[in-house]
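Working notes for the structure below.
All values below were derived from every heavy atom in this structure, side-chain atoms included, with hydrogens, water molecules and symmetry-related copies excluded. Values in this document were obtained by computation on a predicted structure and should not be read as measured data. Protein chains get the first letters and strands the later ones, always in sequence-line order, with residue 1 at the start of each.
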Amino acid sequence: MTAIICSLDEALAPIADGCVLAVPRESSGAAMAATRALIRRGINRLHLIALPTSSLQADLLIGAGCIETLETSAVSLGEFGPAPCFTSAILSGTVRMLDTTCPALHAQFQAAEKGVPFMPLRGLIGSDVLAQRRDWRVIDNPFGKDDPIVLLPALSPDVGLFHAPMADHSGNVFVGTQRELITMAHAARKTVVTVETIHDGDLLRDPTLVAGTLPGFYVEAVAVEPRGAWPLSLPDHYAIDAAHMSEYARLAAAPEGFADYLQRYVYERRAA
Amino acid sequence: MTAIICSLDEALAPIADGCVLAVPRESSGAAMAATRALIRRGINRLHLIALPTSSLQADLLIGAGCIETLETSAVSLGEFGPAPCFTSAILSGTVRMLDTTCPALHAQFQAAEKGVPFMPLRGLIGSDVLAQRRDWRVIDNPFGKDDPIVLLPALSPDVGLFHAPMADHSGNVFVGTQRELITMAHAARKTVVTVETIHDGDLLRDPTLVAGTLPGFYVEAVAVEPRGAWPLSLPDHYAIDAAHMSEYARLAAAPEGFADYLQRYVYERRAA
Amino acid sequence: MYAMSVGAASPIPATAALLARERGGGRPYVSLLGSRAHTFFTDGARELFDCAGQGRVDVFFLSGGQIDGAGNINLVSIGDYARPKARFPGSFGSAYLYYVVPKVILFRVEHSRRTLVPKVDFVSAPGGSADHVFRPGGPIALVTSLCLFAFDRQHRRFRLQSVHPGHSVDEVIENTGFAFDQPAYIPVTPAPSTETLRLMRSRVAPMLAEVYPQFAQSVFGATACAR
Amino acid sequence: MYAMSVGAASPIPATAALLARERGGGRPYVSLLGSRAHTFFTDGARELFDCAGQGRVDVFFLSGGQIDGAGNINLVSIGDYARPKARFPGSFGSAYLYYVVPKVILFRVEHSRRTLVPKVDFVSAPGGSADHVFRPGGPIALVTSLCLFAFDRQHRRFRLQSVHPGHSVDEVIENTGFAFDQPAYIPVTPAPSTETLRLMRSRVAPMLAEVYPQFAQSVFGATACAR
């Protein structure tokens, strides 16, 4: 057995140029330290799936030129305004965008989790979200009568990447109520996790923590990165760094400002 | 707001004659005290769905004449032998049996949980389980080519019933890793729970317990029944009562013995 | 048991939902996306959508970069989708929740011919569907900085319900890009009562600060509190 | 990362899986249905099936009230399904797992013409499928009290692989209701080594007692321990 706990750069090795990378929504544990490390490594041509939305993580990767295809239902900085790199990349056509809707992504990951080729979903019919997705299908519900319903194909990313409060030495990861991380790991071929800290006990043997634990069975590698979601929040641990987000929104509004941000917060510093 | 915590008989009021009742597998928290109370109340014509299997709970309800239709993938007493009332009811044709397979029931409850009319599932093709189920469909996978796949209709029981370690005063119920109970509650129109004890804090505000908690939002009623799964096990709390199970297997092998068991353990005693 | 749910970037709906819960002594259940303190969900990010699919979410709120007179909403882009002139964040859950939540309340602070248009450029979610399409949900109202519209699902049209204090029907007409029904008598929207304002300021604002710190600070001068 | 999973009523497979894990220093991952101590699943009863659907469960064990020469298994009933002469517990997860787990090991202690039949009365799960049916999984072997059969998926037939010490090929033939291939040389099944027996008795048996207290007690004289 190779060690599951390793350095950040070692942990990120499975995330190759051109791979399909899944990351969670901005409030569920975005692996921001890992994202900065990937940018430093010069990763490119990613197909990024944000399950189901993203904020700074997608914007930074887009701005740094790492993304070829973006599949998500929304990117914004929330209260801090529009996501500047996302917006300009869409307007200039430098990123291929697959617009979707939150429950569609959840359903597609669940299909992969269950090993079925598709999942049905209500809604969507008559929307341009559906009209733009040639990879989705509409069938007549075989249990109904003249009842069209959308089928969505299973989505198995090459790698799932997220940040969580803690892991134990076997690579079991406590994610609490952020269970989309568990579905993501089940759906992904490999899962890479950064954590605040290593838990010395066995999470699977703890009668309360086990309920919020992703088994190490599904985990490829774990790296310890304290405040690894910064400047985004980690539920129950720390809030978003509002001052930093405002600074990002201000700087990233112009290319020079974004370059300045990258230099100061990504290339020169390993973490905050 | 009416009180969620109430007496066992009050809690069981939503479980009406003829309803579709879902119960969990024998090792996930079977509400056995509640089952005995339902038999005392003379419940009948139940469509019982055991998700996905059952042991003493289904056998007792069958023997007491409460079941019209049984939908599950297996009933046995495990190490204690075949389920005697189940076996004789099938042989004599007194219960309508819907044979299924474990993942099919899970998928059908997930379909109801998601509000979709069906769920696909691999396997099944060429089995007599499928051949006997006229309510299931086979379609050609629209994302494949000459790739038959089974579609299973969503299953929304009228009531889900289970036993869990604890609930709080708002009806939030800690189920730990027995997450099929959460899916069951999402799928069921109403959910009734018995618990070992009442937790004085708010389970939704506890950063570790919340991960294994079913929100009271989905719960109709909670009754406190210490050792409410007896003689079956409650994970992390107590093991199966092997001596009692052996006694049941011995007694229930003949009608007089079963009548004796009912008298001693169901009608004369409220709990062990 | 029914619930009000509030999605992303929705501080005003969050205020309304928390206010309703305060007035109801803890009911309806309220879930704010992104909140740990104000949610009853424990099954991850998909539970909101599953719960709505079960028919258990009674009320949801949606907005749009554009909203048209048939209740269609556009959260994606202006101009041709392939070469847009402006881009919004994206459709979020609208392409699903608009169909399955019985009472969807549309909100858009900016009431202008730029936001309330004859026809949206991109349909994130349509205001109505053909009869054979499964659709228990849809819009019931549109709230703006000027007025309240009700939505008539049968005719797929808005009807002016009330005009906010200090504004006029003419102002509404002038700033609305779509046609709408105008009853003979259009009342003034009642101002919030003293008690409502007290609840918002003292109880609701500190709760809002968890998810919307800037909004809570700038509107109410409030900072985060434990519930 | 692959795993061995063990279903209901399977004390002998559970012994085998735990033994394999002991020998492998903690690998492969092992999950025993009904165990809290010996499972790596945390997502409820469906995780085994989802995990297998993902292709992550390498080995599973199945039995049958009847098993036939084409590898079909019957866990349901004898005689006409509508009016059976005998009833077994039911198909459990076999109608799915038999299709998706690459290496399914069949086991049946009772080796007789009653259990190993020419054709099962009810197909809980077939031993093989048409080429166009999605089927990465299926049987690789059948273990009984007399012998070990290998399964040839291409020809859908069993081949006698070895006969257990103290038994003969003739005894196998006499007690088997289906035809099977017989290689020219059929070895004796190797007896477990002293070290294997030691591991089973000292390490595995106490673990088994959590789920199979009667089996652990009667076969090994063991009672439950913490892992």
- request: Find the one option among B:G176, B:P117, B:G212 whose heavy-atom pairs under 4.5 Å with chain A are most numerous.
  value: B:P117
message: Working to the nearest 0.5 angstrom, can you tell me the gap between B:Y218 OH and B:I182 CD1?
response: 9.5 Å
query: Any side-chain heavy-atom pair from A:F174 and A:E196 closer than 4.5 angstrom?
result: no
- request: Heavy atoms only, distances under 4.5 angstrom: which of B:Q110, B:H106, B:M119 has the most pairs with chain A? Name it, please.
  value: B:Q110
message: With a 4.5 angstrom heavy-atom cut-off, is it the side chain or the backbone of B:L209 that approaches chain A, or both, or neither?
response: side chain
field: Which portion of B:L152 sits near chain A, non-hydrogen atoms under 4.5 angstrom
entry: backbone
- request: Below 4.5 Å from any heavy atom of chain A, which atoms of B:D206 appear? Answer side chain, backbone, both or neither.
  value: neither
- request: Using non-hydrogen atoms and a 4.5 Å limit, figure out which bit of A:I139 sits close to chain B: side chain, backbone, both or neither.
  value: side chain
- request: Please flag which part of B:F118 lies under 4.5 Å from any non-hydrogen atom of chain A: side chain, backbone, both or neither.
  value: both
message: If you define the side chain from C-beta out and look only at heavy atoms, does anything of B:L70 sit under 4.5 Å from B:R96?
response: no
message: Is any side-chain heavy atom of B:R25 closer than 4.5 Å to one of B:L51?
response: no
- prompt: Does some side-chain heavy atom of B:L155 sit less than 4.5 Å from a side-chain heavy atom of B:L105?
  reply: yes
- request: Let me know if B:N141 has heavy atoms under 4.5 Å from chain A in its side chain, its backbone, both or neither.
  value: both
Test item: B:R122 and B:I149 side chains (from C-beta on) under 4.5 Å apart, heavy atoms: yes
